[in-house]
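Take a look at the structure set out below.
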Amino acid sequence: MPNPYNPQEIEPKWQARWEANGLYRSVIDHSKPKFYALTMLPYPSGDIHIGHWYAMAPSDVRARFKRMQGYNVLFPMGFDAFGLPAENAAIQRGIHPKTWTLANIKREQQQLRSMGMMIDWEREAISCLPGYYRWTEWFFLKLYEMGLAYRKKAPVDYCPNCKTTLAREQVIGEDHICERCGTPVFKKDLEQWFWRITNYADELLDFSKIDWPDKIRLAQTNWIQRSEGAEVTFGISDEKLVMSNQKLVIRNEKTVIEEQEPIPPHQSPTTDYSLPITDYSITVFTTRPDTLWGATFMVLSPEHPLVERITKPEYREAVQAYKMQAARQSEIERMSTEKEKTGVFTGAYAINPVNDARIPIWIADYVLITYGTGAIMAVPAHDDRDFAFAVKFGLPIIPVINRVDGLAKSFVMGGTTKSGLLDALTEAGIDFIRESGATFVRLNVEQVDRYAGIVQGHLEPGCWTEIVGARWLFVFEDAIIPFDSIEAEEKIMTRCKALNPEVAKYRTVMEMLWSLPFYRDTLFHAEYGTMINSGPFSGTPGDVAKQRVTEWLAERGRGKATVNYRLRDWLISRQRYWGAPIPIVYCDKCGVVPVPYEDLPVLLPDDVDFMPTGESPLKYHEGFLHTTCPKCGGPATRETDTMDTFVCSSWYQYAYLSPYYREGEPAHSDSIPWDTEEAKYWLPVDTYTGGAEHAVMHLLYTRFFTKALRDAGIVNFDEPMLQLRNQGTILGEPRCGDCVEVTGTWEGAAFRAEGITVYSFKDQATWPPAERGATLVRGEVMDRDDVSLKVQTSEAGELTVVLIDEDMPVAIPGKEKGGTAKDILYHLDVEKMSKSKKNVVAPDELVAQYGADTVRAYLMFGWRWEQGGPWDSQGIEGVVRWVNRVWNIVTEPATPTAGETVSGRELLRAMHFAIKSITEDLENFGFNTVIARLMEYTNTLSKAKSAHYGSPLWDEAISNLLLLVAPVAPHIAEELWAFLGKPYSIHQQAWPAWDPAMLVEDEIEIPVQINGKMRGRVTVPADAGEDAIKAAALADANVQRHLEGQQVLKVIVPNKKLVSIVAKGK
RNA sequence: GGGGCGGUGGCGAAAUGGCAGACGCACCGGUCUUAAAAACCGAGGGACUUACGUCCGUGUGGGUUCGAAUCCCACCCGCCCUACCA
């Protein structure tokens, strides 16, 4: 009698043996092709959760598969070990971050081992160890040497909770909250270190060398957001504004560095930008130079350096107040989603370079100092933001681009026209709607002139109407005035005000038109179209307008074509202790001095006192802070900021090659931070797997890093990871809440609890019925917060609010020590797993119960890997049964069964089909169908067992089963392989091959369709010709029945897969 | 507001121009058992039919095709990302 399957026994046994044999050591072997399979490294928070398993297990399966296919596979693991949670633990619990982190790592290593992954632990890399982070520091020096690292004072995002600055990528959403803790960030002016990722903006937009998901490529493309447009310089009207004639730099630093260290030719232009500005000009960036004639005002960002200089004395107070408010606003939580435009006039005017119009200069917070030049030309007729601003503040709006759809509208108020208008319109074929006396007219552009004539002829004395959209005309009794310029606007408004005193409340034509809802969707558009009202450029077609205007500006020195990016340089400074030190010292004499390569690492001191405020203890550590200047030997202080942890993870794929390379030996400028032999063999990464949430952070940073390393001559390729695949997220399992029976009293509409009895959500069948009485309330808990439960007290879904005392003791079934009201579970639809919701799946418990092999297989089987979905605790049973069936098929002798048998031929076919489909699906990350095909094959083997047990064919069939199972369930496969007496280890065997000839069936069943409907099936020999198939199909009884009284027009046999008959009644 | 992904039995899902629902979960029936569990076998999209079969069915409506879950157009719903980027 063979042993029953006992994963708790065999799994640790084989894990120990594999480890002892070094089965998963990856060493260079030039006789084999290499395969570098990488999966994102965890942050050591203390627990490997089910999400890690979901990400890693299928990646491990695929790495094992590649190995059996004959590749020399590198599948390493490490820990992203610097970061805030460790430091917070230090502050809250008095544990040193290093102690906390290393203890977590130890525990997680055990958990990872229990998964049976083929990790080469000798290549483990932990980013918080000096052997690792000295190279992180080395890269800083290298980038500094290359001019890619620079320090500047800038308004940067600061998280008050994490007490540190953040990179732009780490601030999320409309509310600008911290990526880690969700606290709203605010802008702080600080001296910070930046890495010039923007130098690579264009190259980062090129994905031609990598096979990455569209989703990630799109996210990066949108993040970088390249915009082609022009810089246009506007003069400032009539004032002596600037005290000196020095070059005015809009966004400082950049020019200085450019002059000192010219950018190497392969590097792309940057978003940092400066122009020599005369005393009397402002430069803007626009993507729409073709709309210049419609620029009726300018807006500067409140932080723009010119604001101080141009503001007229009488506006100074208002401008200052607005600047203060704008600065403070980012500190206040942005509660309202309402985004009413705000701004103030500076009193100054600019000169539009195309028509010398004098246009007002405003400041407004909708213009961002961080994008473009921090100043815009406002073209309200063709930009929704400018339009909203102009309407609000009564600024003129002049259309300068024709509508492409040719739509025009006209509103005729009741009583403004004589009778007969409607008949005339009908006769002219013009569309209109009558409603409560008014006429709403829709026209196409060709009808406009005709309509204008008709309506003018019908106007009552002292009345007018207008046409908007494709054409802009004001129709008065005595004149038709085109609305085409600021002058026309004045003329029109004067007339209208004279005719109707009501109009006096409107400052501009557009404001007046905006008051009519009928017009609103026609007043502005942002499409390209033929230029109008643009002086000599009127009539220029939309497809060339932008280019022609740009050329014209360039010829006159008033602008030039420019590319702008949204991407910012990467802010890497963090005001925290637990990170890699920035190897820079500040000397009174020599200024900013890099630590010499030879002196690395700058070690993080262990003996530090953590401030309850979270302030970095490095600032107060005398031994760390004070040092000598490497240049002059004088006193100097160290940089106390550390690097963003994303710096550490930008190069970890290289750290695995030779972890802690040459620790103890001095490094040099020309060192290579890893073993070049290893690098030459293994790099780049062939397949990278992990979550998509890092699309514009880690995944962008690491590409940048590799390109910088390439330019430093350290690597010789452009992209770090050739293929990327993202897994989805496993969400919490939907479940009911507990049922509670509450005694107490009513307090108004709410019920005050005095005693609570809990019926577990697991025993729904035994719940007493819901009830709402004078002293008793009973039902399922639908929601819970600190002070109340929402209890469903009727079938219909009626909810009763039960007030509870947070610490009220409550007996919870299955909870020995007794809990509090907080432990009551509430109803949960699909949500992310979180400890507070008590819907977290603990993988260790699953492994203890089912074994790692089963958990691995279930994680592959249950979901589309790239999609994920809610956890289902029942679904795993199917996999449990399958794994047991595999065990029994191999270990139990055959018993004669009555059921159907399988011929040798069929068994062979099933085997080759399984090999083929599993091979293909593993290659393509189709993990769920891999398990499905394994189950199918196992089912076939069950049926075939009694007939074939003991035969060579049977041996081949089950050997192949185990080989196919090996990557998925490595322990059981190894155990059964040994049971069969085959040589150790199954994981060193070759992946089975399939023979296409074996897949061919003797007979094939072909469906027959008549007019697209299934009408029968015929069985023919596999080698039957088309004519034979047609004949068989037409001979089928059911087919004949359906063809009765029909004429067969056509018979199609595509690929011998199907017969399609086209017939019709005679 | 912009962009992306998706919508197929009670549930997770297969099928990417050719027999819709493979493989599982749950449910139901059977074998075994004193009984239950486990295990094994079996039915099952809906409607009509004793059955053979027929009609309807992949969010909705249209189209292309001998043939559409799959391709095209319009719409509805859900989820995710992004957000005043000039």
Side-chain angles (χ1 to χ4, degrees), chain A residues 172-176 213-216 218-219 221-223 225-227 229 271 284-288 291 299 301 337 339 341 364-368 370-379 382-386 388-389 526 564-568 692-693 695-696 728-729 734 830 858 861-864 866-867 869-879 881-882 884-885 888 895 897-900 926 928-939 942 1005-1017 1037-1038 1041-1042 1049-1063:
Chain A
I172 49 179
E174 189 174 20
D175 306 329
H176 290 250
D214 289 349
K215 197 184 142 138
I216 301 292
L218 204 84
T221 304
N222 290 343
W223 188 258
Q225 204 177 96
R226 180 190 154 99
S227 309
T271 58
V284 301
F285 172 74
T286 177
T287 54
R288 294 297 301 273
T291 63
V299 187
S301 122
T337 47
K339 275 180 189 158
K341 293 268 183 297
D365 64 2
Y366 84 93
V367 175
L368 310 174
T370 46
Y371 186 77
T373 64
I376 62 159
M377 63 177 210
V379 183
H382 303 291
D383 180 285
D384 59 340
R385 297 154 300 182
D386 297 344
F389 192 82
N564 226 296
Y565 303 88
R566 187 176 82 143
L567 181 72
R568 297 288 118 72
E693 66 275 14
V696 294
T729 311
V830 175
Y858 182 48
F861 182 59
W863 302 263
R864 277 196 274 216
E866 70 282 4
Q867 210 149 297
W871 180 257
D872 176 1
S873 52
Q874 299 219 63
I876 196 169
E877 292 302 331
V879 178
R881 282 172 203 146
W882 169 65
N884 273 295
R885 228 162 35 239
N888 294 336
T895 46
T897 51
E900 47 178 325
N928 54 349
T929 49
V930 166
I931 305 297
R933 296 289 97 80
L934 281 171
M935 286 172 166
E936 273 170 1
Y937 182 47
T938 307
N939 291 346
S942 293
E1005 197 183 48
I1006 295 180
V1008 186
Q1009 292 181 349
I1010 299 173
N1011 295 334
K1013 282 194 163 47
M1014 277 292 306
R1015 292 303 179 198
R1017 275 167 206 143
N1038 203 38
R1041 198 163 62 79
H1042 280 275
L1049 298 178
K1050 214 190 314 184
V1051 182
I1052 303 160
V1053 186
N1055 275 332
K1056 294 194 192 175
K1057 268 188 187 163
L1058 170 133
V1059 182
S1060 185
I1061 300 168
V1062 187

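Proteins get letters first, then strands, A, B, ... in listed order; numbering begins at 1 in each.
- For A:Phe389, the ring-ring contact (aromatic ring centres under 6.0 Å, His included) test picks out A:Phe297, A:Trp362, A:Tyr366, A:Phe393, with sequence neighbours left out.
- In this structure, A:Trp223 has no ring-ring contact (aromatic ring centres under 6.0 Å, His included) partners at least two apart in sequence or on a different chain.
- Here A:Asn939 lies in heavy-atom contact (under 4.0 Å) with sugar-phosphate atoms only.
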Show each protein N/O and nucleotides 19-21 of chain B N/O combination with a separation under 3.5 Å, one pair to a line.
from	atom 1	to	atom 2	distance (Å)
B:C19	O2	A:Arg1017	NE	2.9
B:C19	O2	A:Arg1017	NH2	2.7

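- Side-chain nitrogen and oxygen atoms of A:Arg566 include none within less than 4.0 Å of the OP1 or OP2 phosphate oxygen of B:A86.
- For A:His382, the ring-ring contact (aromatic ring centres under 6.0 Å, His included) test picks out A:His525, with sequence neighbours left out.
- Partners of A:Tyr858 by ring-ring contact (aromatic ring centres under 6.0 Å, His included), not counting sequence neighbours, listed by chain and number: A:Trp863, A:Trp871.
- Toward the 5′ end of RNA chain B lies the nearest nucleotide of A:Gln874, the other residue of the pair A:Ser227 and A:Gln874 mapping further downstream.
- For A:Ala695, the side chain to side chain contact (heavy atoms under 4.5 Å, CB included) criterion is met by A:Ile216, A:Ala219, not counting sequence neighbours.
- Within 4.0 Å (heavy atoms only), A:Val367 reaches at least one base atom of the nucleic acid.
- A:Arg288 is linked by a salt bridge (charged side-chain N to carboxylate O under 4.0 Å, His left out) to A:Asp290, counting only residues two or more places apart in sequence or in another chain.
- For a distance-only test at 3.5 Å, the side chain of A:Lys215 fails to qualify as a donor-acceptor partner of the base of B:C81.
- Partners of A:Arg881 under the side chain to side chain contact (heavy atoms under 4.5 Å, CB included) rule, at least two apart in sequence or in another chain, are A:Glu877, A:Arg885.
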Restricting to nitrogen or oxygen on both sides, can you table the protein-nucleotides 13-16 of chain B pairs closer than 3.5 Å?
from	atom 1	to	atom 2	distance (Å)
B:A13	O3'	A:Asn928	ND2	3.2
B:A14	OP1	A:Asn928	ND2	3.0
B:A14	OP2	A:Arg864	NH1	3.3

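- With sequence neighbours left out, A:Gln874 forms a side chain to side chain contact (heavy atoms under 4.5 Å, CB included) with A:Asp872.
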Nucleotide-resolved protein contact map, nucleotides 56-64 of chain B, B/S/- at heavy-atom distance under 4.0 Å: S--------

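- With sequence neighbours excluded, the residues satisfying side chain to side chain donor-acceptor pair (under 3.5 Å) with A:Thr929 are A:Asp921.
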